[in-house]
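Report on one structure; see the data block that follows.
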Amino acid sequence: MSQPEATGPKLNWNIKELLMWATGYLEKKGSPSPRLDVELLLTEVLQVARIQLYVQFERILQTPEKDRFRALLTRRGQGEPIAYILGRKGFMSYDFVVTPEVLIPRADTECLVEAVLQDHQHITGSLRILDAGTGSGCILLSLLKERPNDVGIGWDISQAALKVAQHNALQLKIPPQKLTLSCRDMTLPESWQLEDPVQILVSNPPYIAFEEEPGLSLNVRNYEPRQALFAPDSGVFFYKKIEAYAWKLLAPGARVYVEIGHQQASQVAEIFSTPAWHQTRFIPDLQGINRVLATTYTGIPPR
Ligand code: GLN
């Protein structure tokens, strides 16, 4: 793999020149946000705030800085997501550690968190929240930050993901007694057991149909964990499992929030049309697409 020749014939690159040159390089490599990418990589290498790149426009990079920048730029040029290169991603107002073992938190998922916060804003007592498929922990830990009286339970089938979630919980200073993370496969009926019922269930399960893989961008396909992305049964497999088993852990009146794919609204609503659920609604994302299905447990088992 060829490396970008940031040293070129010129030896002393300042920030301004490097920004321009590297932006052109990433543009040619097909990055949709080349300038932003370069700025983020440079702030990482120089350990400065983004505004400092402009304040220090004339600053000449030292050789180790230049080498490190070139290494990161090469990775980005090959299509690696910027969040994996930096090892972190902002979600809600928090910084999450991410590794290639977890899905990169998406801005669209923030509307799920916001809906939960809004629906429960008048309940200040302690609620129990279960996040099925917690990944980096972004949904659950953001909720616990915003609702410090609540208690969180996070499940994931991946031990590596749970380690990342644990790391994030520590960084975000979530009191250890407020959070239980455990390795569970939500597709198995026997996984759905807890000592006490929960009042809120959240999940952003894998929902991309295997058939859709060829249409996905390469930086998702080649870098994000398959286990977190794809689901059988045209992508709705996990919703069926949640619908069938979650009631066992829910108190009547408990709410469920699941993120859904952009064309799955009617299919998922159909799945949650058994007597177990009522007050079902969709929550749109920033583009106005139905992104989350919210529903309430009636207290009647589905079947
Ligand atoms: N809950 C995590 C997120 O929303 C992980 C989701 C997943 O792995 N499918 O990012």
Side-chain angles (χ1 to χ4, degrees), residues 81-84 86-117 129-146 152-169 171-172 174 179-187 191 198 200-210 212-213 216 219-221 223-233 235-242 246 256-262 264 268 283 285-286 289 291-294:
I82 205 92
Y84 289 145
L86 302 178
R88 60 175 191 274
K89 171 78 184 177
F91 180 82
M92 298 298 288
S93 49
Y94 307 104
D95 231 2
F96 284 86
V97 168
V98 294
T99 69
E101 283 106 358
V102 300
L103 196 79
I104 298 169
R106 303 295 203 271
D108 286 335
T109 305
E110 292 178 351
C111 73
L112 188 158
V113 176
E114 272 154 10
V116 176
L117 293 176
I129 309 173
L130 168 64
D131 182 6
T134 199
S136 63
C138 62
I139 298 176
L140 184 64
L141 301 177
S142 302
L143 287 171
L144 293 180
K145 286 304 279 185
E146 301 293 322
I153 301 148
W155 292 350
D156 208 284
I157 195 171
S158 154
Q159 289 280 8
L162 288 166
K163 261 180 137 170
V164 175
Q166 182 60 49
H167 188 150
N168 280 318
Q171 284 227 26
L172 294 169
I174 305 283
L179 177 70
T180 311
L181 294 170
S182 64
C183 190
R184 292 205 195 179
D185 178 348
M186 71 165 116
T187 70
S191 295
V198 301
I200 303 175
L201 167 66
V202 292
S203 186
N204 176 21
Y207 56 69
I208 303 174
F210 290 111
E212 282 178 54
E213 183 169 2
L216 281 187
N219 45 35
V220 174
R221 242 160 92 187
Y223 291 92
E224 297 205 68
R226 297 183 63 80
Q227 208 175 23
L229 292 171
F230 297 105
D233 202 354
V236 300
F237 180 75
F238 288 88
Y239 306 114
K240 289 187 175 170
K241 300 297 173 191
I242 292 170
V256 172
Y257 300 82
V258 287
E259 183 168 320
I260 58 175
H262 63 291
Q264 292 174 331
V268 182
I283 295 147
D285 63 18
L286 298 170
I289 298 169
R291 178 59 61 186
V292 173
L293 177 138

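Every number for a ligand or one of its atoms is a count from 1 in the order of the listing. Residues take their numbers from the sequence shown, with the count starting at 1.
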* Sub-3.5 Å N/O-N/O distance, Gly135 and ligand 1 -> no
* Asked: Does an N or O from Asp131, backbone or side chain, lie closer than 3.5 Å to an N or O of ligand 1?
  -> no
* In this structure, are over 12 heavy atoms from other groups packed under 6.0 Å from Lys163 atom NZ? -> no
* Structure fact -> Paired with Tyr207, the side-chain hydrogen bond (donor to acceptor under 3.5 Å, both in side chains) test is passed by just one of Glu212, Gln264, Glu259, namely Glu259
Only heavy atoms of [X], strictly under 4.0 Å: list the atoms of ligand 1 that pass.
X	result
Cys138	3 (C), 4 (O), 10 (O)
Gly133	1 (N), 2 (C), 5 (C), 6 (C)
Ile139	1 (N), 4 (O)

* To do: Taking all non-hydrogen atoms of both residues into account, name the closest pair between Ser191 and Trp155 and its distance.
  => O-CH2, 3.4 Å
* For atom 4 (O) of ligand 1, what is the nearest protein heavy atom, given as residue, atom name and distance? -> Asn204 ND2, 2.8 Å
* Structure fact -> For atom 8 (O) of ligand 1, the closest protein heavy atom turns out to be Ala228 CB, 3.2 Å
* Any idea which part of Thr134 is under 4.0 Å from ligand 1, heavy-atom wise: side chain, backbone, both or neither? -> backbone
* Asked: Relative to each other, are the rings of Phe210 and Phe230 parallel, tilted or perpendicular (30° and 60° limits)?
  -> parallel
* To do: State plainly whether the residues Lys89 and Glu224 are in salt-bridge range, i.e. N to O under 4.0 Å.
  => no
* To do: Check step by step if side chain to side chain contact (heavy atoms under 4.5 Å, CB included) holds for Asn204 and Leu103.
  => CA-CA 10 Å; Asn204 176 21; Leu103 196 79; 4.1 Å; yes
